[in-house]
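Only heavy atoms go into these numbers, but all of them, side chains included; no hydrogens, no water, no symmetry mates.
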Amino acid sequence: MPRCKQQNSFQLAAKKYTQAGQKLKAMKALLMSGDTERIIFFANVARQKESYILAANYLSNLENVHENEATVKVRACVRACVRACVRACV
């Protein structure tokens, strides 16, 4: 575990994981940070099925976001996940 993660610097840990090519660990570090905008951005940039699923699960469990906004974000994330899965199967 990186020192920055131990110090609760989850965004820095995500950056270090990304630099090391470990995108799934980077996504998990971002999830710990709770930064919704960065989580959505990273899921779209990473373009990995697992990242989309983690982001969609995170968004679906948000309580402090207005329901309509969360619903829109979850649907967008799920659509992106489906597109990524279809591309991987073709």
Side-chain angles (χ1 to χ4, degrees):
M1 178 184 302
R3 182 176 291 164
C4 48
K5 193 172 177 184
Q6 292 172 345
Q7 296 173 348
N8 293 333
S9 297
F10 298 114
Q11 293 172 351
L12 180 58
K15 181 177 179 179
K16 294 298 179 186
Y17 280 133
T18 302
Q19 290 171 347
Q22 298 179 348
K23 292 182 181 178
L24 191 56
K25 285 187 177 183
M27 174 56 94
K28 289 180 180 180
L30 279 177
L31 291 171
M32 289 180 180
S33 76
D35 188 342
T36 304
E37 295 302 317
R38 285 182 192 240
I39 290 168
I40 294 168
F41 177 78
F42 187 81
N44 287 321
V45 171
R47 295 185 182 257
Q48 290 182 333
K49 180 176 119 175
E50 296 85 6
S51 294
Y52 286 125
I53 291 170
L54 288 171
N57 287 338
Y58 170 81
L59 291 171
S60 67
N61 290 323
L62 281 180
E63 295 177 9
N64 59 347
V65 176
H66 190 272
E67 185 175 310
N68 292 334
E69 182 181 346
T71 304
V72 169
K73 290 180 179 181
V74 168
R75 286 185 183 152
C77 224
V78 169
R79 276 194 301 267
C81 181
V82 169
R83 283 190 299 247
C85 290
V86 168
R87 283 187 213 128
C89 292
V90 174

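- When the side-chain contact (heavy atoms from CB on, under 4.5 Å) test is applied to Ile40, the partners found at least two apart in sequence or on another chain are Thr36, Asn44, Leu59, Lys73.
- Side-chain atoms of Phe42 and Thr18, non-hydrogen and from C-beta on, do get closer than 4.5 Å to each other.
- Atom CG of Leu30 is separated from atom CG of Leu54 by 10.5 Å, given to the nearest 0.5 angstrom.
- Here the shortest heavy-atom pairing between Leu24 and Gln48 reads N-OE1, 4.1 Å.
- The shortest non-hydrogen separation linking Ala43 to Ser51 is CB-O, 4.0 Å.
- Two residues are said to be in side-chain contact when any heavy atoms from C-beta on lie closer than 4.5 Å; Leu31 and Ile39 meet this criterion.
- Taking OH of Tyr52 as the start and CE of Met27 as the end, the distance is 9.0 Å to the nearest 0.5 Å.
- To the nearest 0.5 Å, atoms OG (Ser33) and NZ (Lys28) are separated by 15.0 Å.
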